[in-house]
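A quick write-up on the structure given underneath.
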Amino acid sequence: MMMSIVRIKAETLTAVEAACENVFGQKPETLKLGYPPKVEFGDFAVECFPLAKQFRQNPAKIAQAIAAEIQPSESIQGATAVGPYLNFKIYNRVLFGAVSAEIIREGADFGNSDSGRCQRVMVEYMSPNTNKPLHLGHIRNGVLGMAVSNLLEATGHTVVKANLVNDRGVHICKSMLAWLKWANGATPESTGTKGDHFVGDWYVRYAKEAEKDPSLEVESQQMLRKWEDGDPETLTLWKTMNEWVYDGFSETYQKLGLEFDVFYYESDTYKLGKDIIQTGLEKGVFFQEEDGAIVANLPVDEFGTDKDGSPKKVTVLRGDGTSVYITQDLGTAQMKLEEHQLDRSIYVVASEQNYHFQCLFKLLDMLDFDWASGCYHLSYGMVNLPEGKMKSREGRVVDADDLIEEMRQLAEDEIRGRDPDGQLSTAEIQKRALTIGLAAIKFYLLRARHELTINFDPKESISFDGFTGPYCQYAYARCASILRNAQNQDLASVEPDFSLLGNEEELQLIRALIQFPEELAEAAQEFTPARICNRLFTTAQALNQFYHKHSVLSAEDPALVKARLALVHASAIVIKKALALMGIETLEVM
RNA sequence: ACGCCCGUAGCUCAGCCGGAUAGAGCAACUGACUUCUAAUCAGUAGGUCGCGGGUUCAAAUCCUGCCGGGCGUGCCA
């Protein structure tokens, strides 16, 4: 059997168990394998506090007793007691040899697991309105949804990525109305405007005109009624304008690398849920008020009471029988589950809607849907500007396409600055610039934990230095460069000698690599891509430090060159993998 | 008023299912490109972990009370 990270860890724990049996006559109840704070202390650590409780002895004494009992084994070189800690040193030959071999063997699959046990999970994310272009908040949503989907897939889930498009409602009618009144038949094509921006411009125009002329509100309401009555002309216009928007959106999705397996349209789903309302009435979960509205009482122990002491209510159907937001969500939730046989259903939606989802999930639970517990609201914080919250109606937004272009341009300037002789083709520069610009944006939005509010300052927020996407891409490009140059050396007959590795930088690097699988598992379980960003950065940092202090290709001994090459190869795989999980591409040359 | 989230270095954040000396990045200052790519690296400086109590051998981490900020609180989505 091949040596692996899992096996080295298991061997270490087994050694502790055996030593405990020898010294204390029984196995330890709990053992946690950790890492010493400094690499020179050892490769793995076991803390003896839990053992102190079990064996009723000073933890430092226990550590010493166990350390004395540990015999060298296939991978364990020795154990040292430091205070209440037990530090293990793994033979460098095994640590570097087996681990890098494992990573190289598994390649892009390294770190994957089946801890998801083939569960089917839907990740609903993005969910835009079709009356205006995408903004920075959407990008945060998109990269989060995509990263979480990747994490789930890597841990053995089957993921269905869904986009619930809000394509109906009075706000959509507003841009339609403005276009009818003032556009004179202009189209995205005739004006050379991206479709979603084109429609968004008419929405803005509407808002301006409506300030002067309140009767427009009435007209847009009339239009919504015509839409609901199926007026052919209105429907045709609606379809045409939505198509313009979708063309624009899909361009942006593609640029950002956002993928969807299924699109739901609110125009199809907005009447769903009425059957569920009926069931709820029969079950007594819902009841009708005097004005005809159908409501539910929320349990007081979880939701508290209203000012007058009565239970909090949620309206699930208006008095006139029309749907509200939650009506549709009840129906859509059931439809999703049934169509896709889901075990879990994840909603990537901003924290503004925490209360809405609390209510929604509670209602599903009250209706005795046993799948309700599989629903989860992945709530993420707002992106604020220095002036405060983004407000599309006031034009206070960071437009998604503008931001991408801005970052791409900054990257391009940087690339041209590094290429004073103009060696690079325009196509190559464009490709690199977009890849690097997107990496900067995505990493910036994913590195902070998702529940945090981000304060986005356009002037200084996204950089290419330090804790950034481009930094990590750069570390990868360095690896790629070394591996490329290695092909010019005649090393085919040389066998690597991994026992030659073991300096501080090498140990730091191998530790970062070893920790990747556990980080991936945890990030997936907690839906926190930010964890991967941190691990990724630590790894890139370790690589850069190693790179500066030690030469790979001009190392004194060819067997050392080979060993370091394997380490660099393994690092490249892990860095690339972590970036890919975050939806970030790598470049072989930067 | 209630509910959820947040408060760690000048700024942005890790660390939070308790454990070794609280870590990064940015900004500031100093130094390193004839060397596998300097989008890099090394160093200096910067901390009452919001405040008070409690639990514990051990608290940034758990409990509790305050203070400050954000979001939300039935017929918008």
Side-chain angles (χ1 to χ4, degrees), chain A residues 32 34 36-38 41 45 47-50 52-53 58-59 82-85 87 127 129 166 169-171 266 289 291-298 302-307 312-320 322-329 349-356 358-359 379 381-382 384 389 411 414-415 417-418 436 440 444 447-449 451-455 457 460-461 463-468 470-475 477-486 489 530-531 533-534 537-538 541 544-545 547-555 561 564-565 568 589-590:
Chain A
K32 204 174 78 187
K38 288 188 172 181
F41 291 177
E47 52 186 45
C48 296
F49 297 102
K53 218 168 217 172
N58 181 318
V82 180
Y85 295 92
N87 292 331
S127 307
N129 291 343
N166 183 343
V170 72
H171 51 295
E266 216 183 289
E289 301 213 300
D291 63 357
I294 302 199
V295 302
N297 280 331
L298 293 165
E302 289 172 59
F303 288 80
T305 62
D306 260 322
K307 288 147 219 142
K312 287 211 165 197
K313 289 173 187 169
V314 49
T315 301
V316 295
L317 206 60
R318 290 194 192 95
D320 62 5
T322 57
S323 300
V324 294
Y325 183 32
I326 208 162
T327 323
Q328 177 242 141
D329 267 358
V349 181
S351 61
E352 297 173 297
Q353 296 192 34
N354 283 356
Y355 185 69
H356 168 76
Q358 264 179 44
C359 293
S379 160
M382 315 263 85
N384 288 337
K389 210 175 157 179
E414 182 78 33
I415 293 164
R418 288 153 182 277
I436 293 167
Y444 172 77
R447 67 182 204 180
R449 290 183 62 95
E451 57 272 333
L452 290 181
T453 302
I454 292 179
N455 293 305
D457 187 339
E460 53 185 61
S461 273
S463 94
F464 296 160
D465 304 325
F467 187 23
T468 67
Y471 175 99
C472 299
Q473 287 178 313
Y474 189 66
R478 279 184 153 167
C479 294
S481 176
I482 293 172
L483 296 171
R484 247 190 334 269
N485 290 331
Q489 298 201 3
R531 291 190 81 111
C533 288
N534 279 296
F537 178 64
T538 306
Q541 218 175 14
N544 278 329
Q545 285 162 1
Y547 181 95
H548 265 270
K549 203 142 178 200
H550 310 284
S551 177
V552 175
L553 297 177
S554 52
V561 172
R564 283 185 176 161
L565 275 173
V568 167
V589 187
M590 271 176 82

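For clarity, every value in this text was computed on a predicted model and none was experimentally measured. Just so we're on the same page: letters track the sequence lines, and every chain starts at 1.
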**OP:** Have a look at Ala477(A) and say if it touches a base, only the backbone sugar-phosphate, or nothing, with a 4.0 Å heavy-atom cut-off.
**Re:** base
Original post:
Which part of the nucleic acid, if any, lies within reach of Glu414(A) when heavy atoms closer than 4.0 Å are counted: base, sugar-phosphate only, or nothing?
Top reply: base
Original post:
Under 3.5 Å, side chain of Arg447(A) to main-chain N/O of Thr468(A), donor-acceptor pair present?
Top reply: no
Original post:
With both distances kept under 3.5 Å, what pairs with C16(B), Watson-Crick or G-U wobble?
Top reply: none
Subject >> Rounded distance in Å between the C1' positions of U34(B) and C16(B) >> reply: 49 Å
Original post:
5'-most contact on RNA chain B: Leu483(A) or Arg531(A), nearest heavy atom basis?
Top reply: Arg531(A)
Subject >> Those residues that, when tested against Ser127(A), pass side-chain hydrogen bond (donor to acceptor under 3.5 Å, both in side chains) (two or more places apart) >> reply: Glu124(A)
**OP:** Flag the pair Asn534(A) / Phe467(A) as yes when at least one side-chain heavy-atom distance between them is below 4.5 Å, and no otherwise.
**Re:** yes
Original post:
Taking the C1' atom of each, how far is U48(B) from A22(B), in whole Å?
Top reply: 14 Å
Original post:
Is any side-chain nitrogen or oxygen of Gln541(A) closer than 4.0 Å to OP1 or OP2 of G25(B)?
Top reply: yes
Subject >> Within-4.5 Å side-chain heavy-atom neighbours: Leu565(A) and Leu553(A) >> reply: yes
Original post:
What is the nucleic acid contact for Tyr471(A), judged by heavy atoms within less than 4.0 Å: base, sugar-phosphate only, or nothing?
Top reply: sugar-phosphate
Original post:
Any side-chain heavy atom of Ile436(A) sitting closer than 4.5 Å to one from Glu414(A)?
Top reply: no
Subject >> Phe467(A) CZ - U12(B) P separation (whole Å) >> reply: 15 Å
Original post:
What distance, rounded to whole Å, do you find between the two C1' atoms, one in U61(B) and one in U8(B)?
Top reply: 12 Å
**OP:** Could you go through the side chain to side chain contact (heavy atoms under 4.5 Å, CB included) check for Leu298(A) and Gln358(A) one step at a time?
**Re:** CA-CA 10 Å; Leu298(A) 293 165; Gln358(A) 264 179 44; over 6 Å; no
Subject >> Distance-only donor-acceptor test (3.5 Å): side chain Asn87(A), base A20(B) >> reply: yes
**OP:** Please determine, for the side chain of Tyr474(A), which listed nucleotide (A20(B), C41(B), A38(B)) has the closest atom?
**Re:** A38(B)
**OP:** Would you kindly give the OH-to-P distance between Tyr444(A) and G25(B), to the nearest whole Å?
**Re:** 18 Å
**OP:** Using the C1' atom as the reference point in each nucleotide, state the distance between U35(B) and U44(B) in Å, no decimals.
**Re:** 27 Å
Original post:
Just how far, in rounded Å, is C1' of G23(B) from NZ of Lys38(A)?
Top reply: 13 Å
Subject >> Distance, P atom - from C26(B) to U40(B), rounded to whole angstrom >> reply: 7 Å
Subject >> Any donor-acceptor N or O pair under 3.5 Å, side chains Tyr474(A), Asn544(A) >> reply: no
Original post:
Which nucleotide in the list C41(B), C13(B), G15(B) gets nearest to the side chain of Leu452(A)?
Top reply: C13(B)
Original post:
Leu565(A) near the nucleic acid: base, sugar-phosphate alone, or nothing, with a heavy-atom cut-off under 4.0 Å?
Top reply: nothing
**OP:** Please check the phosphate of A39(B) (OP1 and OP2 only) for any side-chain N or O of Tyr547(A) closer than 4.0 Å.
**Re:** no
**OP:** Using both distances under 3.5 Å as the test, list the Watson-Crick or G-U wobble partner of G74(B), or none.
**Re:** none
Original post:
Could a donor-acceptor pair under 3.5 angstrom be found where the side chain of Arg418(A) meets the base of A39(B)?
Top reply: yes
Original post:
In the structure shown, which nucleotide is the Watson-Crick or G-U wobble counterpart of A28(B), with both distances under 3.5 Å?
Top reply: U44(B)
**OP:** Send over the distance from Glu47(A) CD to C57(B) P, rounded to a whole Å.
**Re:** 16 Å
**OP:** Provide the Watson-Crick or G-U wobble partner of A22(B), both distances under 3.5 Å; none if there is no partner.
**Re:** none
Subject >> Protein-nucleotide distance (Gln545(A), atom CD; C36(B), atom P), rounded to Å >> reply: 20 Å
Original post:
Under 4.0 angstrom, heavy atoms only, what part of the nucleic acid is Ala486(A) near: base, sugar-phosphate, or nothing?
Top reply: nothing
Original post:
Ile454(A) near the nucleic acid: base, sugar-phosphate alone, or nothing, with a heavy-atom cut-off under 4.0 Å?
Top reply: nothing
**OP:** Using a heavy-atom cut-off of under 4.0 Å over every strand shown, decide if Val589(A) touches base, sugar-phosphate, or nothing.
**Re:** base
**OP:** Give one of base, sugar-phosphate or nothing for Glu451(A), where a contact means two heavy atoms less than 4.0 Å apart.
**Re:** sugar-phosphate
**OP:** Between protein and nucleotides 70-77 of chain B, map the contacts as a letter string: B base, S sugar-phosphate only, - none, heavy atoms under 4.0 Å, written 5' to 3'.
**Re:** -SSSBBSB
Subject >> Approximate separation, where rounding is to 0.5 Å, of Ser351(A) OG and Met382(A) CE >> reply: 4.5 Å
Original post:
Roughly how far apart, to the nearest Å, are U12(B) and G46(B) at atom C1'?
Top reply: 15 Å
Original post:
Hey, does Pro84(A) reach any base, or is it just sugar-phosphate, or nothing, if we go heavy atoms under 4.0 Å?
Top reply: nothing
Original post:
How far, in whole Å, is G54(B) from C4(B) if one measures between their C1' atoms?
Top reply: 25 Å
**OP:** Could you tell me whether a side-chain N or O of Arg318(A) sits under 3.5 Å from a main-chain N or O of Ala293(A), the two making a donor and an acceptor?
**Re:** no
**OP:** Look at the side chain of Pro36(A) and decide which nucleotide, out of C13(B), C41(B), A20(B), has an atom nearest to it.
**Re:** A20(B)
Subject >> Given RNA chain B, 5'-ward residue of the pair Val552(A) and Asp465(A), judged by closest heavy atom >> reply: Val552(A)
Subject >> Assigned partner base of G53(B), Watson-Crick or wobble definition, under 3.5 Å >> reply: C63(B)
Original post:
In whole angstrom, what separates Asp457(A)'s CG from C13(B)'s P?
Top reply: 12 Å
**OP:** For A39(B), take OP1 and OP2 only and decide whether either is under 4.0 Å from a side-chain N or O of Arg478(A).
**Re:** no
Original post:
With a 4.5 Å limit on heavy-atom distance, are the side chains of Arg484(A) and Val589(A) in contact?
Top reply: yes
Original post:
Is a side-chain N or O of Thr453(A) found less than 3.5 angstrom from the main chain of Gly381(A), in a donor-acceptor match?
Top reply: no
Original post:
Touch check for Arg484(A), heavy atoms < 4.0 angstrom, all strands: base, sugar-phosphate only, or nothing?
Top reply: nothing
Original post:
In whole angstroms, how far is the C1' atom of U40(B) from the CZ atom of Phe537(A)?
Top reply: 11 Å
Subject >> Whole-Å C1' distance, G3(B) and G74(B) >> reply: 15 Å
